[in-house]
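Contents: one structure, followed by commentary.
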Amino acid sequence: MGLIDLGKESDPILTRLVDEDKVIWYKKRNLRLLYLLLYPTCMGIEITSGFDSQLINGVQFLPPWLKYFGHPAIDVKGKDTWMVDAPLLGMVASAYSLGAILMVPVVPWAAQAFGRRWSIFLGSALQCVGAIIQGFSTHVAMYIIARMILGAGIIFCIVSGSAMLGELSYPKERPMMTSMFNASYFVGSLIASGIVVRTSTILNDWSWRIPSLLQCCPSLLQMGLVFFLPESPRYLISKDRRDEAFDILVHYHAEGDRDSLFVKAEMSQIETTIALELEAAKLSWWDMVRSPGMRRRTFIASAMGLYTQWSGNTLISFYLAKILELIGYTDVHTKTMINLGNTAWSFINGTAIALIAPRFKRRTMFLTGACGMLAVYVGWTVAQQRALVAIENKSQNKGAGIAVLFFIYMYSVWYNIGNNALTYTYLIELFPYAERSRGISIEQFFGRGAAFFTNFVNPIGIDGAGWKYLIMYIALILCEIATIYFFYPETQGRTLEELAFLFEDQAIADKATTAVEKTIHFGSPDDRRVGEPGIEVEHISEAVPAEKSEK
């Protein structure tokens, strides 16, 4: 437990009702269909991000790409090769983040003005345009602009897609669905790695143009399927379209049962909570710092954005080729296979962890992951130093080189526990509906800003400081551990509305709780809006067993 007040939740009435539902999701026809649609349209959004990071990582293995954008050079073994200068390489990698940063002010407005689905469609269309321009680039400026367009599109998709997952999913599966959102990153990175391995045998510019053009495929899939999804019920309620919202909740959360006590209570809780939020919110960026509670959320979202990119992951995701060359791996096929192996391993452990991590307390998982990353980086730094000393002495320390590979492979396990599996799960739980898009956008702003900085600086730092550059990440991970310990609240095991007033006055949270209690006791507060009268019970304990009602 940290040394500051970590917040509180409202009384978990709806969570206790969810716990009483013992029917597994795949035995519910409508919910099963919803999840099948959510995977390619929302959960699969990060496939594009994973594809992009491995694309830029992979093309650095390809001589035609290095020749097209670089100049002749000599590798560590004294052989002729081609090389892209560190500042230009950094700019190519970071342009994606720069495009996302420029769109941050617009994204929350678009998500609230046009809805989650149109925002995803717009972002996917931008990514298709960027992929085509990137694939047909004739000079480096065109290539960089294409990457900025790709970055501009991805942030629309991430903000609205992650919110849609949280707002459409049944509360029991919501943590798992949002956790799998980031895990789909590895699907894209694995596909890109495999494509680059195959195109590396092409000895002309199509070796890098083909992967670039194929980057638009996930976005085309999202554009084709997104309007088969229902709109977010919370968005519809915020636009006074209550009947539509209720129909969606009945169809997917109650399998068409309009008498469902759970859906009536859920509808009442969402309506009351959003009304209370909108009452206090001005729906502007100033809301993010207007109250002490929102300032806390904004600080945590900012920190999460920084640490998702400043924990050392960008070094592996974008510059593995450079790291491998430093420890003596110069053969193109060997480097692409090492990269493919690491990506496949990341996909396996990332997916498994995404299914497991949401079952545990959020703070525990974040701290576990950060401590593991710290141990890996300490070991990696020592091994890298020994490998470089050997190369400087015109020899090779194979043991140190293998140790570096071991730590690189182990890193993804610890990173995935917190920063990958729980980032969007935690953000969606942390922010109330009215500020959710802005909250995720703030995380994206700081995350993309951190990525822009590290992607630009990493190649320069590796060239200039060698193994000592890794010490910077050790210091940053130590800061991350301290931030998690002192500032991250626990959010596990509650609905979004029960967490909406985590840092606010308890009296505000009690209003939402009272509305749900009235619905359970006496039926819907407004049957014309949210359905037929509910089941009347004398006491709340009759709807929720006493042993389940303990906080």
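Positions are given from 1, in the same order as the sequence printed here. All of these numbers come straight from a predicted model, not from anything done at the bench.
Using a 4.0 Å cut-off between charged side-chain N and carboxylate O, R117 and E231 make a salt bridge. Taking the charged nitrogens against the carboxylate oxygens, D205 and K67 have no contact shorter than 4.0 Å, which rules out a salt bridge.
Checked against the 6.0 Å centroid threshold, W310 and Y307 do not count as a close aromatic pair. Ring-centre distance between Y252 and Y170: not below the 6.0 Å cut-off. A ring-centre distance under 6.0 Å is not found for Y68 and W65. Aromatic ring centres of W118 and F227: separated by under 6.0 Å.
Panel note: side chain N57, backbone I316; a donor-acceptor pair is recorded below 3.5 Å. In this structure, the side chain of N419 does not engage the main chain of Y415 through any donor-acceptor pair within 3.5 Å. For the pair K335 (side chain) and L320 (backbone), a donor-acceptor distance under 3.5 Å is absent. Here the side chain of Y473 pairs no donor or acceptor atom with the backbone of L374 at under 3.5 angstrom. Judged by distance alone, the side chain of E173 and the main-chain N or O of S169 form no donor-acceptor pair under 3.5 Å. A side-chain donor-acceptor contact under 3.5 Å links T199 to the backbone of S207. Side chain of T178 to backbone of R174: a donor-acceptor contact under 3.5 angstrom is found. At distances below 3.5 Å, at least one donor-acceptor pair connects side-chain atoms of N204 with backbone N or O atoms of W206. Side-chain atoms of T41 come within 3.5 Å of backbone N or O of L37 as a donor-acceptor pair.
Between T351 and A183, the shortest heavy-atom distance links the atoms CA-CB, 4.3 Å. Nearest heavy-atom pair across A152 and M103 is CB-CG, 3.5 Å. Between A421 and A354 the shortest heavy-atom distance is CB-CA, 4.0 Å. What you find for K239 and A113 is that their closest heavy atoms are NZ-CA, 4.4 Å. Between Q127 and Y96, the shortest heavy-atom contact is OE1-OH, 4.3 Å.
S189 and Q54 share no side-chain donor-acceptor pair at under 3.5 Å. Side-chain contact check for E443 and T423: no donor-acceptor pair (N or O, by modelled atom type) lies under 3.5 Å. Donor-acceptor pairing under 3.5 Å is recorded for the side chains of S232 and E167.
Below 30°, between 30° and 60°, or above 60°: for Y143 and W208 the angle between ring planes is above 60°, a perpendicular geometry. Aromatic ring pairs are classed by plane angle as parallel below 30°, tilted from 30° to 60° and perpendicular above 60°; the pair Y488 and Y426 is parallel. The aromatic rings of F456 and F452 sit parallel to each other, their planes meeting at less than 30°, with 60° as the upper class boundary.
Residue L476 holds its CG atom at 8.0 Å from OG of S311, rounded to the nearest 0.5 Å.
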Given ring-ring contact (aromatic ring centres under 6.0 Å, His included), test F114 with W109 step by step and report yes or no. CA-CA 8 Å; F114 304 112; W109 169 81; 5.3 Å; yes
I158/R448 under side chain to side chain contact (heavy atoms under 4.5 Å, CB included): CA gap, chis, key distance, verdict: CA-CA 12 Å; I158 285 177; R448 301 295 172 175; 3.1 Å; yes
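Within 6.0 Å of the CZ atom in R32, the count of heavy atoms belonging to other residues, nucleotides or ligands exceeds 12. Applying the 6.0 Å contact sphere to CZ of F453 captures no more than 12 heavy atoms from other residues, nucleotides or ligands. Surrounding NZ of K398 are at most 12 heavy atoms belonging to other residues, nucleotides or ligands under 6.0 Å away.
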